[in-house]
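Let me begin by presenting the structure, written as structure tokens, before commenting on it.
Along the sequence shown, the residues carry numbers beginning at 1. For clarity, every value in this text was computed on a predicted model and none was experimentally measured.
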Amino acid sequence: MDLLALRYFQAVARYQHISRAAQELRVAQPSVSRTISRLESDLGVRLFDRQGRRIRLNDHGVAFLGRVDNALAELDDGRREMADAAAGGPGRVAVAAETLLQLAGVLAAFRAQRPGVKVRLFQASLEGMRRHVASGEVDFALASQALSGPGLATVELCREEVFLAVPRGHRLADREDVALTELAGEGFVTTRTGHWQRALLERLFAREGLRPQVVCEGDEAAATPEMVGAGLGVGLMPAVARRTIGEGGPVAWARLRGEESRRTLTLVWRQGAYLSPAALDFRRLARERLMPHPS
């Protein structure tokens with residue numbers, strides 16, 4: 001067993017697909033297959049269940065992946081720490097988020113303070129962010145859903161109301177608030193399963209014993225106002241979107257009556273992970289820019 005085998009295993013476990021992992025690793029597919037087979041032989045257990053060309057991480061693989069993620073993340077932390085100490089360079093910061101819009105103000109301030117730092121951004125679902133943080137691929141995740149667990153540290157940045165957005169001219173366009181039961185027959189523009197808007201929508205409807213009718217789903221929440229404004233359906237959007245778009249935009253806004261329609265934005269990182277001076281500055285700026293200030 002060597003580090004290369006562990007990195008191959010980590011990639012295959014992430015994709016649960018040999019050829020996709022080989023593409024990421026930039027090696028031939030047979031080499032990845034042989035490495036995984038040797039690793040399983042060394043361990044004495046199967047890490048993947050195989051059905052034809054399809055593979056799936058089994059219980060042994062899930063348990064081993066947690067150990068591998070921790071071990072490789074520690075080694076990567078050590079390498080970054082030594083590189084920072086040796087070079088004294090500007091460093092790098094990597095961040096995963098469900099939507100990148102919320103990061104704009106933080107990144108502008110960060111760039112102004114540390115212009116030479118390399119910034120890498122990943123857009124990911126909740127589980128994608130969890131994997132990115134656990135593996136050490138990112139320093140932070142900016143999550144709009146609860147992202148907690150062993151080995152994760154979190155700080156709440158802000159809570160904001162989530163509004164209903166409807167097209168201009170819609171039957172609800174002149175309403176200040178709307179009961180959820182009035183939306184039972186409406187088509188919703190939302191994000192895919194795993195993103196916070198979809199999770200909130202399904203949770204609110206489940207409280208009423210209903211299921212939302214989804215007519216459009218995607219990965220980028222920032223496209224929701226345009227799709228709603230085009231008349232495709234209605235959608236849930238946070239207060240930051242309402243402030244950005246304004247009252248004269250393509251949609252009308254209403255509160256959801258009697259509902260806890262809010263999202264909580266949290267910053268998440270791996271507990272005990274090495275954070276470079278640049279990463280520490282990013283965390284400070286995220287708290288300064290996104291946390292509400294007492295008036």
Checklist line | Test side-chain contact (heavy atoms from CB on, under 4.5 Å) applied to P30 - qualifying residues, sequence neighbours left out | finding: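 side-chain contact (heavy atoms from CB on, under 4.5 Å) list for P30, sorted by chain: A28, R34.
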
Checklist line | Contacts of type side-chain contact (heavy atoms from CB on, under 4.5 Å), residue A184, not counting sequence neighbours | finding: L210

Please tell me whether [X] and [Y] are part of a single hydrophobic cluster in this structure, the criterion being side-chain heavy atoms less than 4.5 Å apart.
{"X": "V178", "Y": "V215", "result": "no"}
{"X": "V32", "Y": "L65", "result": "yes"}
{"X": "V166", "Y": "V189", "result": "no"}
{"X": "L183", "Y": "F163", "result": "no"}
{"X": "V268", "Y": "L285", "result": "no"}

Any donor-acceptor N/O pair, [X] side chain to [Y] backbone, under 3.5 Å:
{"X": "R198", "Y": "T191", "value": "yes"}
{"X": "R262", "Y": "E160", "value": "no"}
{"X": "T35", "Y": "A5", "value": "no"}
{"X": "E98", "Y": "W196", "value": "yes"}
{"X": "E217", "Y": "T193", "value": "no"}
{"X": "Q145", "Y": "L126", "value": "no"}
{"X": "H170", "Y": "L172", "value": "yes"}
{"X": "T244", "Y": "V240", "value": "yes"}

Return the [atom1] to [atom2] distance between [X] and [Y], rounded to the nearest 0.5 Å.
{"X": "R20", "Y": "I18", "atom1": "CZ", "atom2": "CD1", "result": "12.0 Å"}
{"X": "L267", "Y": "L142", "atom1": "CG", "atom2": "CG", "result": "6.0 Å"}
{"X": "L200", "Y": "F205", "atom1": "CG", "atom2": "CZ", "result": "10.5 Å"}
{"X": "N58", "Y": "R46", "atom1": "CG", "atom2": "CZ", "result": "9.5 Å"}
{"X": "L103", "Y": "F110", "atom1": "CG", "atom2": "CZ", "result": "11.5 Å"}
{"X": "C158", "Y": "R263", "atom1": "SG", "atom2": "CZ", "result": "6.5 Å"}

May I ask you to test the [X]-[Y] pair for a side-chain heavy-atom distance under 4.5 Å?
{"X": "V95", "Y": "V106", "result": "no"}
{"X": "Q10", "Y": "E137", "result": "no"}
{"X": "T154", "Y": "L147", "result": "no"}
{"X": "Y15", "Y": "I55", "result": "no"}
{"X": "L39", "Y": "Y8", "result": "no"}
{"X": "M291", "Y": "V155", "result": "yes"}
{"X": "E156", "Y": "T264", "result": "yes"}
{"X": "L3", "Y": "L72", "result": "yes"}

Got a list of side-chain donor-acceptor pairs under 3.5 Å for residues 221-230, not counting sequence neighbours?
{"unit_1": "T224", "atom_1": "OG1", "unit_2": "A221", "atom_2": "O", "d": "2.9"}

Kindly give the heavy-atom pair with the smallest separation between [X] and [Y], and that separation in Å.
{"X": "S261", "Y": "L204", "answer": "OG-CD1, 4.1 Å"}
{"X": "V234", "Y": "P167", "answer": "CG1-CD, 4.2 Å"}
{"X": "A73", "Y": "A134", "answer": "CB-O, 3.9 Å"}
{"X": "S135", "Y": "D69", "answer": "CB-OD1, 4.0 Å"}
{"X": "P212", "Y": "E202", "answer": "CG-CG, 4.2 Å"}
{"X": "V133", "Y": "A141", "answer": "CG2-CB, 3.7 Å"}

Next item on the list: Verify salt bridge (charged side-chain N to carboxylate O under 4.0 Å, His left out) between E161 and R242, making sure each step is shown before the conclusion.
Entry: CA-CA 10 Å; E161 187 171 1; R242 183 174 185 175; over 6 Å; no

Checklist line | Name of the residue among R114, R289, R111 meeting salt bridge (charged side-chain N to carboxylate O under 4.0 Å, His left out) with D281 | finding: R114

Next item on the list: Give a yes or no on whether the ring-centroid distance for F9 and F48 is below 6.0 angstrom.
Entry: yes

Notebook entry, point to check: Parallel under 30°, tilted from 30 to 60°, perpendicular over 60°: which one fits the rings of W269 and F140?
Noted result: perpendicular

Notebook entry, point to check: Is there a side-chain contact (heavy atoms from CB on, under 4.5 Å) between R130 and L152 once you walk through the steps?
Noted result: CA-CA 9 Å; R130 191 188 305 277; L152 295 180; 4.3 Å; yes

Between [Y] and [X], is the closest basic N to carboxylate O distance under 4.0 Å?
{"X": "E24", "Y": "R14", "answer": "yes"}
{"X": "D139", "Y": "R92", "answer": "yes"}
{"X": "R257", "Y": "E176", "answer": "no"}
{"X": "D2", "Y": "R38", "answer": "no"}

Notebook entry, point to check: Between L47 and I36, does a side-chain contact (heavy atoms from CB on, under 4.5 Å) hold up when you go through it step by step?
Noted result: CA-CA 9 Å; L47 301 172; I36 296 301; 5.7 Å; no

Should the heavy atoms of other residues, nucleotides or ligands under 6.0 Å from [atom1] of [X] be counted, would the total exceed 12?
{"X": "R211", "atom1": "CZ", "value": "no"}
{"X": "R171", "atom1": "CZ", "value": "yes"}
{"X": "R284", "atom1": "CZ", "value": "yes"}
{"X": "R54", "atom1": "CZ", "value": "no"}
{"X": "R120", "atom1": "CZ", "value": "no"}

Next item on the list: I would like to know whether R283 and L280 meet side-chain contact (heavy atoms from CB on, under 4.5 Å); could you show each step before the answer?
Entry: CA-CA 5 Å; R283 184 173 65 183; L280 292 173; 3.4 Å; yes

